[in-house]
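Keep in mind it's a predicted model, so treat the numbers as computed, not measured. Below, each value reflects all heavy atoms present in this structure, side chains not excepted, and no hydrogens, waters or symmetry copies.
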Amino acid sequence: MNTEIFGIGGMFAASVLLAMPLGRYISNVYSGERTLLDPLFNPLERIFYTISRIDPHIEMGWKQHMQAMLVINLLWFLMSMLILMTQGALPLNPDGNPSMSADLAFNTSVSFLVNCDLQHYAGESGVSYLSQFWLMFLQFVSAATGMAAVVVLFRAFRDKTAQTLGNFYVYLVKSCTRILLPLSLILALVLVFEGTPMTFAGKDTITTLQGDTVEVSRGPAAAFVAIKHVGTNGGGFFGANSAHPLENPSYLSNMVEMVGQMIIPLAMIFAFGHFIRRRKLSWVIFGVMTLGFMVLTIPNVLMEMRGNPAIAQMGVDSALGAMEGKEVRIGAAASGFWSIVTTAISTGSVNAMHDSSMPLSGMNQLLAMMVNAFYGGCGVGLLNFFIYIILAVFISGLMVGRTPEFLGKKVEAQEMKIAMFVALLHPFLILVATGLATAFPAQGASTVSNPGFHGFSEILYEYTSSAANNGSGFEGLGDNTLWWNITTGIVLILSRFLPIIGPVAIAGLMAQKKYIPEGEGTLKTDTGTFGMMIFTVIVIIAALSFFPALALGPIAEYFSMI
């Protein structure tokens with residue numbers, strides 16, 4: 001048991017220690033300073049800009065950034081629909097997997113486009129290798145989209161007063177070439193050496209120890225699994241995701257995948273401090289996020305290690321913990337830790353079935369996605385946290401009788417309206433969609449496998465995962481239906497682009513304002529006191545918005561077991 005705890009501590013410590021120098025590197029990449037990879041990627045990027053007729057020297061305002069983001073994402077969506085709906089007739093399909101229906105292709109395309117990877121299909125039978133490669137491309141550019149958006153925030157608070165904030169396409173390309181691609185290559189090499197397949201061959205036939213003949217799916221999995229974690233995407237090459245022995249063969253691969261999904265969200269925090277030259281502020285942000293992360297992680301690990309009391313009452317030894325739906329090679333503790341990492345960081349990959357988690361563990365997984373700002377995804381985690389900062393600045397300013405300011409820029413009515421809209425959008429989408437699914441049981445609730453409290457949790461989890469761009473699920477839900485494909489697809493679109501546009505709009509508006517030097521009465525935002533204010537705002541918003549729904553699901557299920 002102590003060994004399991006040491007393993008968890010080692011994974012977290014390694015992630016933080018690697019994230020600090022990576023944060024400085026990311027800051028150098030976006031600020032245009034020289035890096036070691038310049039000789040390799042500068043010529044390639046120039047070729048790309050020439051072919052695509054993009055002038056990397058043209059600066060954009062925040063509206064132009066968002067316009068470029070929406071247009072290129074629409075193009076990728078249309079291409080994705082075409083590939084998925086015709087994959088059965090396209091090459092690189094050795095297993096003969098059929099084309100997707102229109103509603104499933106819509107859901108899959110939107111899901112991978114918005115960095116969610118909510119999969120209503122099994123990879124072994126649902127997509128061809130060509131489609132897997134296309135989805136892998138979307139995993140790169142969806143992560144890069146969030147990273148490019150947050151750089152607009154970086155620029156807005158580094159420059160004293162600015163009308164233009166860099167070039168979206170430059171940030172997008174650099175995110176892919178200088179950050180995502182090198183990290184994915186390192187992780188993919190580790191996975192290949194651990195046994196993850198990287199081949200274009202179709203299914204293989206093996207004979208088990210019992211003498212049975214079994215077909216085993218293969219494919220170019222190592223590359224796919226690498227970017228699924230580095231880009232905080234989460235979509236599995238196989239249906240069982242990282243619980244599959246070919247996606248996650250060993251405890252070492254489990255540790256590497258864990259560090260892989262944590263490193264960029266953590267590094268982005270430190271990159272922000274380096275970029276705007278306020279490292280103390282980045283440590284305050286890191287402290288608040290880590291406090292929230294630990295509040296969810298520690299009880300989760302302990303509950304999964306203690307086991308299921310209902311099973312223990314039957315006289316079954318639960319010394320290994322709550323092992324239903326978990327892999328013995330990974331263990332209950334590492335599975336419990338992964339479940340919070342993947343929901344807090346919005347990766348959505350799983351190394352155990354969350355549907356089998358203890359009720360309050362499931363509640364913590366839901367809370368991690370409901371808050372959606374304890375580290376968060378690549379770039380967007382910091383954008384989500386920025387909304388809480390603006391709310392905390394506004395409330396603090398009212399408490400001390402001063403005009404709210406953040407980093408020398410006034411926070412006025414226009415910024416607050418946008419912040420409140422974004423803050424309320426997340427619970428609105430989750431709760432309204434959950435209410436509709438339960439109000440029309442013939443469409444939504446009829447597909448749950450566990451009627452009662454846990455069935456409600458399955459519905460709540462699906463929409464929470466969609467709204468948080470997470471992608472994990474309580475897999476007792478039969479989700480490949482017209483209702484689930486369309487409704488979750490709509491939630492995915494709204495919960496991806498509006499929460500990006502909102503913070504970028506606030507940052508763009510504030511960048512245009514006159515810089516106000518800090519004085520005696522300036523509210524300090526790089527102190528532990530202000531950090532606790534942000535944490536309090538997060539807790540109040542999450543508690544007021546989601547406690548009634550949680551009481552109907554995982555909390556009620558917990559009390560039904562004791």
Discussion item. Please find the pair of heavy atoms, one from D355 and one from E475, that lie closest to each other, and give the distance.
Written reply: CB-N, 3.6 Å
Discussion item. On a heavy-atom basis, which atom in S175 and which in A144 lie closest, and how many Å separate them?
Written reply: CB-CB, 3.7 Å
Practice prompt. Taking all non-hydrogen atoms of both residues into account, name the closest pair between L266 and A19 and its distance.
Written response: CB-CB, 3.6 Å
Worksheet item: For the side chain of S111 and the backbone of C116, is there at least one donor-acceptor N/O pair under 3.5 Å apart?
Response: no
Worksheet item: Do the side chains of N364 and L367 get nearer than 4.5 Å, heavy atoms only?
Response: yes
Item to complete: Sequence neighbours left out, what passes salt bridge (charged side-chain N to carboxylate O under 4.0 Å, His left out) with K174? Give chain and number order.
Response: none
Discussion item. Looking at N470 and T342, would you say the former's side chain and the latter's main chain have a donor-acceptor pair under 3.5 Å?
Written reply: yes
Fill in: Residue list, ring-ring contact (aromatic ring centres under 6.0 Å, His included) with F168, at least two apart or on another chain
none
Discussion item. Under a 3.5 Å cutoff, is there a donor and acceptor pairing between the side chains of N351 and S242?
Written reply: no
Worksheet item: Which residue pairs pass the side-chain hydrogen bond (donor to acceptor under 3.5 Å, both in side chains) test with at least one member in residues 537-561, sequence neighbours excluded?
Response: H454-E557
Worksheet item: Is there a donor in the side chain of S466 and an acceptor in the side chain of T488, or the other way round, less than 3.5 Å apart?
Response: no
Discussion item. To check you understand the geometry: which heavy-atom pair defines the closest contact between M289 and L382, and what is its length?
Written reply: CE-CD1, 4.1 Å
Worksheet entry | Pair listing, side-chain hydrogen bond (donor to acceptor under 3.5 Å, both in side chains) test, anchored in residues 417-427, at least two apart | none
Worksheet entry | Exercise: identify the closest heavy-atom pair between M198 and A221 | SD-N, 4.2 Å
Worksheet item: Does one side chain, of S339 or N300, offer a donor that lies under 3.5 Å from an acceptor on the other?
Response: yes
Response to the item:
Shortest non-hydrogen pair, A148 vs L172, comes out as CB-N, 3.8 Å
Worksheet item: So, S99 side chain and G88 main chain: donor-acceptor pair closer than 3.5 Å or not?
Response: yes
Worksheet item: Is the closest side-chain donor-acceptor distance between D117 and Q139 under 3.5 Å?
Response: yes
Worksheet item: Okay, side chain of W338, backbone of S349: is any donor-acceptor separation there less than 3.5 Å?
Response: yes
Worksheet item: For the side-chain contact (heavy atoms from CB on, under 4.5 Å) test, which of L291, L391, V539, I389 pairs with I534?
Response: I389
Worksheet item: Okay, side chain of S109, backbone of A105: is any donor-acceptor separation there less than 3.5 Å?
Response: yes
Worksheet entry | Donor-acceptor contact below 3.5 Å, side chain Q119 vs main chain G236 | yes
Item to complete: Answer with yes or no whether the side chains of N115 and T145 bring together a donor and an acceptor at under 3.5 Å.
Response: no
Item to complete: Using the side-chain contact (heavy atoms from CB on, under 4.5 Å) rule, pick out the option among M561, M323, M303 that qualifies with N308.
Response: M561
Discussion item. Taking ring-ring contact (aromatic ring centres under 6.0 Å, His included) as the criterion, tell me which of F133, Y129, F237 meets it with F224.
Written reply: F237
Fill in: Side-chain donor/acceptor of D479 to backbone N/O of H120, under 3.5 Å
no
Practice prompt. Check whether the side chains of S346 and Y375 place a donor and an acceptor atom closer than 3.5 Å, and report yes or no.
Written response: no
Worksheet item: Do T108 and L135 come close enough that some side-chain heavy atom pair is under 4.5 Å?
Response: yes
Item to complete: Among L425, V422, I418, find the one that has a side-chain contact (heavy atoms from CB on, under 4.5 Å) with I387.
Response: V422
Fill in: Flag, side chain of S128 to backbone of N93, donor-acceptor distance under 3.5 Å
no
Worksheet item: Does one side chain, of N248 or S253, offer a donor that lies under 3.5 Å from an acceptor on the other?
Response: yes
Discussion item. With ring-ring contact (aromatic ring centres under 6.0 Å, His included) as the criterion, how do F272 and F286 come out once you've worked through the C-alpha distance, each side chain's angles and the decisive distance to 0.1 Å?
Written reply: CA-CA 11 Å; F272 181 54; F286 173 77; over 10 Å; no
Discussion item. Among residues at least two apart in sequence or on other chains, which ones pass salt bridge (charged side-chain N to carboxylate O under 4.0 Å, His left out) with E458?
Written reply: none
Worksheet item: How about W484 and L477: do any of their side-chain heavy atoms sit closer than 4.5 Å?
Response: yes
Worksheet entry | Residue K203 excluded, over 12 heavy atoms near NZ under 6.0 Å | yes
Worksheet item: Around F77, counting heavy atoms of other residues, nucleotides and ligands shown, do more than 12 lie under 6.0 Å from its CZ?
Response: yes
Item to complete: Could you verify whether a donor N or O on one side chain and an acceptor N or O on the other, from S357 and Q365, lie under 3.5 Å apart?
Response: yes
Worksheet entry | E124: partners by side chain to side chain contact (heavy atoms under 4.5 Å, CB included), with sequence neighbours left out | A122, S217, F238, H244
Practice prompt. Without swapping roles, check the side chain of T297 against the backbone of F293 for a donor-acceptor pair under 3.5 Å.
Written response: yes
Practice prompt. Might you work through the side-chain contact (heavy atoms from CB on, under 4.5 Å) test for I538 and F385, ending with a clear yes or no?
Written response: CA-CA 9 Å; I538 293 173; F385 193 83; 4.0 Å; yes
Fill in: Test item: S446 side-chain N/O and P441 main-chain N/O as donor-acceptor pair under 3.5 Å
yes
Practice prompt. State, without any angle test, whether S335 and E304 hold a side-chain donor-acceptor pair at a distance under 3.5 Å.
Written response: no
